[in-house]
Structures are given as structure tokens and as C-alpha cells.
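Report on the following structure.
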Amino acid sequence: MIVFMMYPWITMENVWQRHHPDATIKIIGVGNNSTSQHLATLSGHQGPVWQVAWAHPKFGSALASCSYDGKVIIWKEAQSEGGWDTTKIDQAHPVGVTSVSWAPSMAPGALVGSGVLEPVQKLASGGCDNTVKVWKLYNGNWKMDCFPALQMHSDWVRDVAWAPNLGLPKSTIASASQDGTVVIWTVAKEGDQWEGKVLKDFKTPVWRVSWSLTGNLLAVASGDNSITLWKEAVDGVWQEVTTIDQ
């Protein structure tokens with residue numbers, strides 16, 4: 001099943017957060033009887049917050065946010081006193097960051113490799129500079145993990161989505177752009193160069209992309225008020241499965 005977020009709400013373990021044009025993020029706890037409680041207001045951006053994403057629970061209560069101020073901020077709930085520790089990527093996309101997506105918590109190749117592979121914390125981001133960037137946590141600092149930045153779009157990247165990999169070596173990211181295209185970025189294994197392939201030119205801005213839980217279906221929401229579902233064939237060609245008109 002694919003869940004497509006049409007409004008700026010993301011839920012996880014009965015905790016909601018909403019992004020605001022006042023540059024804050026609000027954390028709201030929701031009880032079983034639908035009662036809600038304000039838990040925290042996170043302040044750190046100097047511009048509108050455009051997207052937020054929870055990390056996998058194995059990394060604790062961790063949240064990534066991105067903003068028009070060009071920053072990506074990773075928030076992690078402190079073990080004591082209810083505060084939130086922050087790590088910033090100050091110039092992620094200097095003219096504005098529109099989207100952020102966590103890599104799968106399972107290390108690439110964990111299913112087929114020998115030995116125990118530690119989970120890797122990575123992020124993908126999209127921005128107003130028309131690029132997609134990949135970031136990796138090194139010794140407590142977030143550093144760019146793709147050189148150069150991934151660039152096949154000719155206008156703002158509106159959304160990025162890192163596909164579940166189920167422990168296989170291949171990693172996949174989908175990006176959607178104002179230019180009307182969706183690009184599928186893949187890397188065969190850690191350390192290789194990312195390669196991009198245009199899924200389709202929709203001839204209208206593409207706002208959101210979202211993967212199914214197994215990573216074999218991609219949902220695309222475009223400016224013509226339709227959602228299309230796509231699946232990769234054995235020969236590597238992406239085929240449209242169905243269209244959902246709004």
C-alpha cells in the first residue's frame with residue numbers, strides 16, 4: 001500500500017509534526033482517544049520550513065527538516081529534560097531546500113554481504129538550485145556523499161524520495177521537478193557514481209514522489225491533478241501501471 005501525503009502532516013508512533021511558514025516545527029502527541037498534546041516547538045530555521053521527515057526508530061526520535069534558508073537541520077530528542085539536539089547542514093542548497101528524505105536504515109548489501117554491516121545514516125535533499133544531493137553522517141558531521149551534485153533537472157526539485165532497498169546493494173532515489181520530469185537515480189553499490197534516468201516528462205510540474213514499502217512501485221503526483229503508479233520491468237524500463245485522476 002502506498003500512502004501519499006497531500007497535506008503537510010506526517011505521523012509516526014502517534015507523534016505528529018507540522019511545518020510552518022513562521023520557520024518553526026511543532027511536535028504534537030496524539031493519544032488513542034484522538035486527544036492531542038503539544039510536545040515541542042523546534043526553532044532553528046530562518047525561513048519557511050518546506051518539508052520534514054522522521055528517521056527510522058532505530059536511530060531514536062530523529063527528524064530532518066529543510067527550509068528556504070538553505071539549511072537542512074537534523075533534530076534528535078535528548079535523553080533528558082525533553083530538549084532536542086541539532087546538527088545542521090548550513091549550505092545544503094544555498095538558494096533554498098525544498099525536500100529531504102532519509103536513506104533506508106538497513107545498510108546497502110546487508111542482505112547479501114558477509115558479516116554484520118552497521119546501519120548508515122544518509123539523507124537525500126532537493127533544492128531550488130535544480131540539484132539533488134546525498135549526505136552522509138561522518139563522525140557526527142553531515143558531509144556531501146556525491147560529487148558532483150546530481151543534476152538532470154532544469155528547474156526546482158520539488159521532492160526527493162529514497163526507495164527501500166531491503167538490504168540489497170543497489171540504492172535508488174526518485175526526484176520530481178518543476179520542469180515536469182521525474183528522474184530515477186541509482187548506484188549499484190557503495191562508492192560508485194550515481195546515474196540518472198528520466199522516468200517521464202509529464203509536461204507539467206511534478207510535486208511529489210512516494211515509494212511503496214517494498215520499493216517496487218513509485219507514485220507520482222503531477223500538476224494535472226493525477227497520480228500515476230510506475231513499476232520497473234525486468235529490462236530496466238519503467239512502465240506506468242495505472243492512473244488515478246483527482
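Start at 1 with the first residue, then count along the sequence.
- Applying the side chain to side chain contact (heavy atoms under 4.5 Å, CB included) rule to Pro104 yields the partners Trp162, Asn165; only residues at least two apart in sequence or on another chain are considered.
- Residues Ile25 and Leu39 share a hydrophobic cluster, clusters being chains of Ile/Leu/Val/Met/Phe/Trp/Tyr side chains in contact below 4.5 Å.
- Not counting sequence neighbours, the partners of Lys122 by the salt bridge (Lys or Arg N to Asp or Glu O under 4.0 Å) test are Asp145, Glu190.
- Between Ile74 atom CD1 and Trp102 atom CH2 the span is 5.5 Å, to the nearest 0.5 Å.
- If you chain together ILVMFWY residues whose side-chain heavy atoms come under 4.5 Å of each other, Val237 ends up in a group of its own.
- Of the N and O atoms on the side chains of Trp156 and Ser177, not one donor lies less than 3.5 Å from an acceptor on the other residue.
- With hydrogens and angles left out, the side-chain atoms of Ser99 and Trp50 include no donor and acceptor closer than 3.5 Å.
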*asked:* Between Trp84 and Thr86, does the side chain to side chain donor-acceptor pair (under 3.5 Å) criterion hold? Intermediate values first, please.
replied: CA-CA 6 Å; Trp84 291 75; Thr86 61; over 6 Å; no

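- Tested against Gln178 for a side chain to side chain contact (heavy atoms under 4.5 Å, CB included), the candidates Val206, Asp155, Val157, Asn130 yield a single pass: Asp155.
- Residue Val160 is not grouped with residue Trp135 when hydrophobic side chains (ILVMFWY) are merged at heavy-atom distances under 4.5 angstrom, including chains of intermediate members.
- Environment of NZ in Lys58: crowded, with over 12 heavy atoms of neighbouring residues, nucleotides or ligands closer than 6.0 Å.
- A 4.5 Å side-chain heavy-atom check between Phe59 and Gln121 finds at least one atom pair inside the cut-off.
- The line from CD of Gln79 to CG of Asp85 is 9.0 Å long, rounded to the nearest 0.5 Å.
- When the side chains of ILVMFWY residues are joined at heavy-atom separations under 4.5 Å, either directly or via intervening members, Met144 and Ile89 end up in a single hydrophobic cluster.
- Counting heavy atoms of neighbouring residues, nucleotides and ligands inside a 6.0 Å radius, atom CD of Glu240 exceeds 12 of them.
- With no hydrogens or angles considered, a side-chain donor-acceptor pair links Gln46 and Lys71 at under 3.5 Å.
- At least one side-chain heavy atom of Thr98 sits less than 4.5 Å from a side-chain heavy atom of Cys128.
- Under the 4.5 Å side-chain heavy-atom criterion for Ile, Leu, Val, Met, Phe, Trp and Tyr, Val100 and Tyr68 are members of distinct hydrophobic clusters.
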*side chain to side chain donor-acceptor pair (under 3.5 Å) between Gln51 and Asp159: does it pass, once the steps are laid out?*
CA-CA 9 Å; Gln51 201 173 84; Asp159 197 22; 3.2 Å; yes

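- Here the CG-CD distance, from Leu150 to Gln193, works out to 9.0 Å after rounding to the nearest 0.5 Å.
- Interatomic distance, Ser175 OG to Ile184 CD1, rounded to the nearest 0.5 Å: 7.5 Å.
- For His153 and Thr131, the side-chain atoms include no donor-acceptor pair closer than 3.5 Å.
- Atom-to-atom distance recorded for Ile173:CD1 and Thr186:OG1 is 10.0 Å, nearest 0.5 angstrom.
- For Asn139, the CG atom counts as loosely surrounded, since its 6.0 Å shell holds 12 or fewer non-hydrogen atoms of other residues, nucleotides or ligands.
- No continuous path of ILVMFWY side-chain contacts below 4.5 Å connects Trp185 to Trp238, so the two sit in separate hydrophobic clusters.
- Atom OG1 of residue Thr181 and atom NZ of residue Lys200 lie 12.0 Å apart, to the nearest 0.5 angstrom.
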